Amino acid sequence: MRFHISFVKNALFSRISLTWLIPILLFLLCFGIIVAPEILVITKISSDLVWIPVGWANERVGDAYYYAAWMREVVNGPFPPISPTALEQTQFSIELFKLVPFTLAALPSLFVSDPRYQLLISIAIFPAITSVISYAFSRGFNCSRRTSFLIGIFSVFHYQLFSRLYGGFDVWISTLIAHIKSFSNIIDFELVNDNFRYINTSVSWVPTLLFIFAIQKTWISREWRWAFFAAVLAMAEWFVYMPQAFVTHLLLGSLAGISALRRDWRLLSRFSLILGASAAFLLIGGIPQMLRSASANTIFYEAIFNGELRLSPSQLWIGVKILASDSFYLSLIGKYLIFLIFMAVCSWRQGRRMDWVAALAAVITTLVGISIVFANTNSSLRFFNRGIDLIFILSAASLFGGRLNALASTGVWWARVKLVCYMFITVGAVSLPAYGFLQVGERAAHSGSHSMSKDRWQAYEWIAEHVPYNAQVAALDWQDVYELPVYAGSKLAYGHWIIDNRTAEDEYGRYLSVWKTIGMKREDWSNRIASSLPAYQKLIRNIFIEKPSRTPPYLSGAEFDDAMLAHALLYWPYHSTVNGVALAKDRPATTVSPEFIQEMERLYDQTPGDLERFGDLYIIESPHARARMGREVPGEIVFQNSTFTVYRHTPKPASLQ
């Protein structure tokens, strides 16, 4: 028996060394935890339902519906993608600068045709790859394999715990307790951390961390091959996620500056190659002009990130005072200061590692400056808060792990203490997400939040197969508005303002054109608008406050319809006006202003109730929509099952209009 075990062990490790075995096991572990709840739903779902990995906002929390629609557009539409839902959009929007993660997310479509499994693979595989890159990065700072394995787990499931550890020991403890509890009370993964928001940041972290890893390898080895690899990634990074691109290039520039100060010309030449390639790509490719054009063509970007630059001394001083009086900014700065101090302690009297810490300190200083300049806009928060934490946390963990591994005490007692601590932390780090994600599967299998009816899925399949790419679909049920772009690749007559890239005025007008045609009265419209903001506020309360178990759906069908008039057609609270009239006068708001209701009534009066503006139009009628309509849907029935009907409305010839 001993001989047999020894033989198998030696045969296995002769083929796969630990260098490859541990990252493979890490990948499989993370991938398995993430797909586990979906597999559980698939095995337990009732026979009258169809499993789906991404759902609508009344059943699921988060932005996956938004990113999944863009992924589907890459699979089915033109490349580069224009808009996943708006047929009339012919110009690139700011989303063009997420082209790399969109494309990476769509790669599973090369191997599977079902959009559900494309999404499942994509959602799970990229966080798992992130864990492997984190493992390799930490090994570069001389962490042991065991510590690097643990860092890989934390970089996927627990890094946001550390992003909130600031404010004192009592805050640390309360944050840790809240983090542990969150895994027993999650609906969808992105409520645990941003790694599961999909595209940003679950997919975008892969090229970004790979770029950071290439920079680290260039910094350590000074080899040209790593510099060339980093140069290619530097060019691609501009089309990953802009805050990550700025931070990674700031880190690269800081390391180049430190190399110049140390007169390390060999290393400086490598970094200069990477920076030069990136700069040449920006200039020759006209990327700044493309960015300005895309920003100007993006309605929500202009509406949400508006504000003037603060460049004069007096304006900059105002920016400083805004940051100094804003508790959120102060907590962010305090958090990064804690990380920098911690890294400096771990790297004390280790010149090369202190250079890395100094480079990160330069990055933070620059980010503070950017926040001062843009203090009166939402832009600074995007650069200072979203999608960059993992770079600092991973560096801090790796420097600490390397320091721990280099401790002089190597006796048996110390080795046993480290082993026990490692095993205890690893069990906790793995069991928490494994338990929480399985809870997601158990709840989803019974609540239906990861499923739809077979009749609805049949209608989607028909639309995906028979509706041309250049035709639009009027979805009368908001569930279809959210899910048709994801599973059928449909262009929508009206939809979610932030995806469609239409003006709010146009989105409301499109909605009215459809609903007036099927009998919505002026009084009904006024009542829906008056109910929109209270319904949205109720939605938020039900998700985060009133329902500790967070069991969907969160609103009745009619209430959710009304809530989307505020949150989807307008995108409250990020954008709040139509034709200069505000939805509500104050924030936090609970009632719609009378002026806004009057403006919506005026819009109703001037909007024609016909479908000619949409051209070749298909209309999907659900049981819920049928109950809210005033009369029958106009058009020819082209698909029908026991509950769903799809109509086709063909525009009249120009001579008859």
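Everything numeric in this text was worked out from a predicted model, so none of it was measured. Throughout, numbering of the chain's residues begins at 1 and tracks the sequence.
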Quick one: do the [X] and [Y] side chains pair a donor with an acceptor below 3.5 Å?
X	Y	value
R456	Q479	yes
N297	S93	no
D455	S453	no
S556	E559	yes
D561	H624	yes
Y618	S490	no

Sequence neighbours excluded, which residues qualify as side-chain contact (heavy atoms from CB on, under 4.5 Å) partners of [X]?
X	result
R522	E601, Y604, D605
I180	L176, L432
A128	F27, C30, F31
Q606	R602, L603

message = Do S431 and Y435 have side chains that approach each other closer than 4.5 Å (heavy atoms only, starting at C-beta)?
response = no

query = Just by modelled atom types, is the P101 backbone N or O under 3.5 Å from a matching donor or acceptor in the S204 side chain?
reply = no

ask   = Is a side-chain donor or acceptor of K98 paired with a backbone partner of I199 at a separation under 3.5 angstrom?
value = no

query = If you take all heavy atoms of V41 and A444, which pair is closest and at what distance?
reply = CG2-CB, 3.7 Å

A475 versus V481, closest heavy-atom pair with distance = O-CG2, 3.6 Å

message = Under the salt bridge (Lys or Arg N to Asp or Glu O under 4.0 Å) definition, can you give me all pairs with a residue in residues 176-193, not counting sequence neighbours?
response = R60-D188

key: salt bridge (Lys or Arg N to Asp or Glu O under 4.0 Å) pairs, two or more places apart, involving residues 562-578   = D562-R628

Residues forming a ring pair (Phe, Tyr, Trp, His ring centres under 6.0 Å) with [X], sequence neighbours excluded:
X	result
H567	H496, Y536, Y571
Y511	Y494, W515, W525
F644	none

Quick check: [Y] with [X] (ring centres under 6.0 Å apart)?
X	Y	value
F392	Y336	yes
W457	Y487	yes
W70	Y65	no
W497	H575	yes

note = dist Q244:CD -> I391:CD1 (nearest 0.5 Å) comes out at 6.5 Å

key: CZ on F97 to OH on Y241, rounded to 0.5 Å   = 14.5 Å

According to side-chain hydrogen bond (donor to acceptor under 3.5 Å, both in side chains), who are the partners of [X], at least two apart in sequence or on a separate chain?
X	result
S447	S449
N501	none
Y67	R197

task = May I ask you to decide if the ring planes of F183 and F437 are parallel, tilted or perpendicular, using 30° and 60° as cut-offs?
result = tilted

key: Salt-bridge contact R510-D506 (side-chain N to carboxylate O under 4.0 Å)   = yes

request  = Apply side-chain hydrogen bond (donor to acceptor under 3.5 Å, both in side chains) to E599 and N579, showing your working.
outcome  = CA-CA 8 Å; E599 177 62 24; N579 291 324; 2.8 Å; yes

request  = Dump the intermediate steps for side-chain hydrogen bond (donor to acceptor under 3.5 Å, both in side chains) on D480 and Y460, then the final yes or no.
outcome  = CA-CA 9 Å; D480 299 322; Y460 285 12; 2.6 Å; yes

